[in-house]
Amino acid sequence: MDDGIGLAEKMLGLPGLRVLDVEDVPGEVVVRAESTRTKVTCPSCRRRAQAHDRVEVHLRDLHCFGRPTRLVIRKRRWRCRTKGCTKKTWTEKLTGIASRQVLTRRAGAEVTRQVGQLCRSVASVATEYGVGWDTAWAAIELYGRPLVEDPRRVGPVRALGVDEHTYLSAKPAHATVYATGLVDLDRRIMIDLFEGKSAAKLRRWTECRSQRWRKGVRVVALDLTETYRSGLSPHLAHTRRVADPFHVIRVANRMLDTVRRRVQNETLGHRGRKADPLFRIRKLLLRADEHLDERGRDKMLVGLRFGDPHDEVLGAWLAKEAVRSIYLTNNVNEAAALLDNAIEACANDEVPEIRSMAHTLSRWREEILNHHRTGASNGPTEGLNFCAKQVKRAGRGFTNFEHYKLRVLLHAGGVTWPSPIRPPRITSTRPH
Ligand SMILES: [Zn+2]
C-alpha cells in the first residue's frame, strides 16, 4: 500500500478497484482503474462464471483537489458456460457506481445537493462537473426523488396551509399558470404542490392522503377564495378553516385600489399619470395608518382634497383601516366586535366596491375570527413561496411541472440531506 498506486487507491476511496495510472491532462485528472473481482457466480443459475472480456467506461467523479476528475474504469464482462442457462454475458456492478450513470454515486449525490439544497441551476452544476444537462438531471432524479418520497419527510400535519403562487407568468401563448402549495405550518415546510388552483384538484389531493393523516389535520389556513374552501370538503371538512390575515388585508387593499382608479378615471378621464393627485398617493393610501409619518399623512390628505371630490377614496381608506383594526387585538370577542362594526359600516356605504367588500367579509366571518381562535396564519407559506421563486429564478423558466415540483420540494420540503462528514478542525498556528 506504500507504492504510488496504493496511495492513489487510498485517495480514490472506491472499493473493488485497482488503480492503473493517474494522468494529469489539461482541464482534468484522468484516473484509470480496473475491477479486481475474480470469483463471480451467475445471477441466474448460481454456478461459477467465467471472465469474458473488459469494457471501458468513462465516469465523472467528485473533483480531485479542485480539478475535475475523469474515471476510466475497465469493467469486466462475465459469461455463464452452463448448458441451458439463459444468462449469456453481463457487465459487473461496482459499489459506488450506479449502472448506466455517467456520474459516480457520490458525485451524483453532490450534484443533487448543489441543485436541491443550494438552489443552483442544473446547467451551471452540469458544466462544473463536465457533464450534460440530461446527465445531471438523471442524477437528481435518481438521488433526489427518494429523498422527497421518503414517508418520514411529511409525517402527521396538524396545521395545513393552502396557498397559490405563480408557476408560469402570462405569455402570448398562455395565461398565468398557477401552482398550489401545501404547507405544514408548524414545521414550515412545503409538503407537496400541484399545478393549478381548482377545487377539484385540491379535493383529489386530499383524497390521496390516508384517512389517519386527514384526521390529524386540525387547522387549515387559506386565502379568501371560494375554490379552496369548497375543495376542502368532504375530506377535510372537519378542520377549522382560517382566513389568512395577509389575504384579508389584501382584499381591503385591492378594494381601495379599485376605488382610487375608478375615481381617477371619472374625475380626470384617463388612467393615473405621474402628476395626478390620486396617483401620487397610491402607495401612501395602502400603507398602514400607524406607519404614516406627519409628512406622509399631510401629502395623503392634500392628494385626497384635490383628487377625491366625493370622498369616495377617503371612505375606502377608512374601510381598509377598519379591516386592519381586526388584527390590533388578540382577543376573539374584541375582534368579533370590530369585524361586525366594519361589516355593518361597509354594508351601508354608498360606494359599491365598499359594499361588495362587506359582502366578502361577512361570508368569511367565521374563518377570519378563527385566526384569533387558533393563532394560525399562512405566514410561513409566504416564506416558502419565496423559496419557490428562488427555484424559478435558478431554473430560468420551466416547461415541466414535475421538474419544478421536485426542485421546490428538494429546496423547501424539509428533506433530510445525508449529513456531511465533519473533519477534525485544524487551527491556525499561533504567532510567536
Ligand atoms: Zn448461468
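Order of listing sets the numbers, starting from 1, for every ligand and every atom in it.
- Contacts classified as ring pair (Phe, Tyr, Trp, His ring centres under 6.0 Å) and involving residues 359-382 (residues at least two apart or in different chains) are given here: Tyr327-His371, Tyr327-His372.
- In summary, Asp257 and Arg254 do not engage in a salt bridge, as defined by a charged side-chain N under 4.0 Å from a carboxylate O.
- The backbone N or O of Ala388 sits nowhere less than 3.5 Å from a side-chain atom of Arg407 that would complete a donor-acceptor pair.
- At a cut-off of 2.8 Å, measuring from the Zn ion (ligand 1), the protein N, O or S atoms that fall short of it are Cys42 SG, Cys45 SG, Cys80 SG, Cys85 SG, waters left aside.
- Sequence neighbours left out, the pairs with a member in residues 227-238 that pass salt bridge (Lys or Arg N to Asp or Glu O under 4.0 Å) are Glu226-Arg229, Arg229-Glu367.
- Taking a cutoff of 4.0 Å between a charged side-chain nitrogen and a carboxylate oxygen, Asp340 and Arg365 qualify as a salt bridge.
- Shown here are the side chain to side chain contact (heavy atoms under 4.5 Å, CB included) partners of Thr180, two or more places apart in sequence or in another chain: Val162, Phe194, Lys197, Tyr228.
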